[in-house]
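Quick notes on the structure that follows.
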Amino acid sequence: MASNSPRRKELMSGLGIPYTVRVLPDIQENYPAGLPASEVAEYIAAEKAAAYVPTMADDELVITADTIVVLVDEILGKPKDEDDARRMLRELSGRTHHVITGVSMVTKKKSRRFSVTTEVTFKELTDAEIDHYVTKYHPLDKAGAYGVQEWIGYIGVTGLRGSYYNVMGFPIQRVYSELVNW
């Protein structure tokens, strides 16, 4: 698995399948202008995977992933600082958005990629709730500035349609299915 995400590692470990983590430095997470938001996460995951192919052994499978939050047509990536995190959470407050995780699975001879989308609804968050969460949890490493498995998810998420684990950043049910059918 090519990810430093503790959440992805936790979910992958839960399958009981042996794996190792290998992360290449400085992989870009850019995408072409004009690419529909619904395709961005899968595109980035595939680009990440392509960076590994030249370094892979013949019997190695690499899994990469990228998660984005989409509010209407705006992509909310990782916040640049705490003020940006507060801005994102204010935008998500009282609204429904989509969490999209793109996954790419590659060997030297085969590749497969897919994305999973989950709809998430937040209650109206108060400024005090947003400030508490950002100050205590520092969600700067999370798309959309939140982790559903953290305090803000406990008190703020009023609805979820789709995979909870996808919102955590790794659609483990689909990954398992793809591995079984590899």
Side-chain angles (χ1 to χ4, degrees), residues 1-31 37-53 55-56 60-71 75-82 84-85 88-89 92 97-107 111-120 122 133-134 136-154 156-157 160 162-179 182:
M1 184 165 72
S3 177
N4 274 325
S5 165
R7 292 159 299 283
R8 289 184 182 133
K9 291 176 196 174
E10 174 189 353
L11 292 171
M12 192 69 185
S13 294
L15 291 181
I17 298 170
Y19 72 96
T20 58
V21 173
R22 191 167 68 127
V23 179
L24 295 175
D26 303 321
I27 293 180
Q28 296 299 310
E29 295 188 9
N30 301 321
Y31 54 91
S38 61
E39 297 175 21
V40 168
E42 188 173 324
Y43 178 88
I44 293 172
E47 289 294 301
K48 287 179 182 179
Y52 285 86
V53 173
T55 69
M56 291 172 60
E60 192 173 16
L61 166 74
V62 172
I63 301 172
T64 58
D66 191 74
T67 301
I68 62 170
V69 170
V70 180
L71 181 62
I75 295 173
L76 302 178
K78 295 174 184 171
K80 61 181 187 250
D81 56 31
E82 288 188 354
D84 196 32
M88 288 183 188
L89 289 168
L92 294 171
H97 62 277
H98 294 94
V99 176
I100 305 170
T101 301
V103 177
S104 185
M105 303 167 72
V106 296
T107 65
S111 68
R112 186 174 297 164
R113 67 189 219 185
F114 58 88
S115 62
V116 174
T117 301
T118 304
E119 186 178 274
V120 180
F122 268 100
Y133 177 67
V134 170
K136 183 165 172 122
Y137 293 89
H138 311 287
L140 303 183
D141 64 335
K142 295 171 177 64
Y146 78 93
V148 70
Q149 72 282 3
E150 295 175 339
W151 184 83
I152 200 77
Y154 302 163
V157 173
L160 191 142
S163 169
Y164 172 82
Y165 298 108
N166 183 54
V167 183
M168 283 180 65
F170 201 52
I172 195 66
Q173 304 96 335
R174 177 73 184 271
V175 169
Y176 174 77
S177 177
E178 295 290 337
L179 287 170
W182 186 258

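Note: hydrogens, waters and symmetry copies are ignored here, and every other heavy atom, side chains too, is used.
Contact record, Asp141 with Lys78: O-CE, 3.5 Å, taken as the closest heavy-atom pair. The two residues Lys48 and Asp66 come nearest to each other via the heavy atoms NZ-OD1, 3.4 Å. Taking all atoms of both residues into account, the shortest heavy-atom contact from Leu71 to Leu76 is CB-CD1, 4.4 Å. Of all the heavy atoms in Ser3 and Val21, the pair that sits closest is O-CG1, 3.2 Å.
Here Glu60 pairs with Arg22 under the salt bridge (Lys or Arg N to Asp or Glu O under 4.0 Å) rule; sequence neighbours left out. Remark: His98 engages no residue in a ring-ring contact (aromatic ring centres under 6.0 Å, His included) (not counting sequence neighbours). Residues passing the side chain to side chain donor-acceptor pair (under 3.5 Å) test with Asn4, sequence neighbours excluded: none. The salt bridge (Lys or Arg N to Asp or Glu O under 4.0 Å) search around Lys142 returns Glu150, not counting sequence neighbours. Qualifying side-chain contact (heavy atoms from CB on, under 4.5 Å) partners for Ser104, counting only residues two or more places apart in sequence or in other chains: Ala45, Ala46, Ala49, Thr64, Val106, Arg113. The side chain to side chain donor-acceptor pair (under 3.5 Å) search around Ser111 returns none, not counting sequence neighbours.
Other residues, nucleotides and ligands contribute more than 12 heavy atoms inside 6.0 Å of the NZ atom of Lys9. For Tyr137, the OH atom is densely surrounded, since the number of other residues' heavy atoms within 6.0 Å is greater than 12. Atom OH of Tyr164 has more than 12 neighbouring heavy atoms from other residues, nucleotides or ligands inside a 6.0 Å radius.
Side-chain contact between Val175 and Glu178 is absent, with no heavy-atom pair separated by less than 4.5 Å.
Classification of the Tyr146-His97 ring pair by plane angle, with boundaries at 30° and 60°, yields perpendicular.
Side-chain N/O atoms of Thr67 and Arg8 include a donor and acceptor closer than 3.5 Å.
Taken to the nearest 0.5 Å, the CZ atom of Arg7 stands 12.5 Å off from the CZ atom of Phe170.
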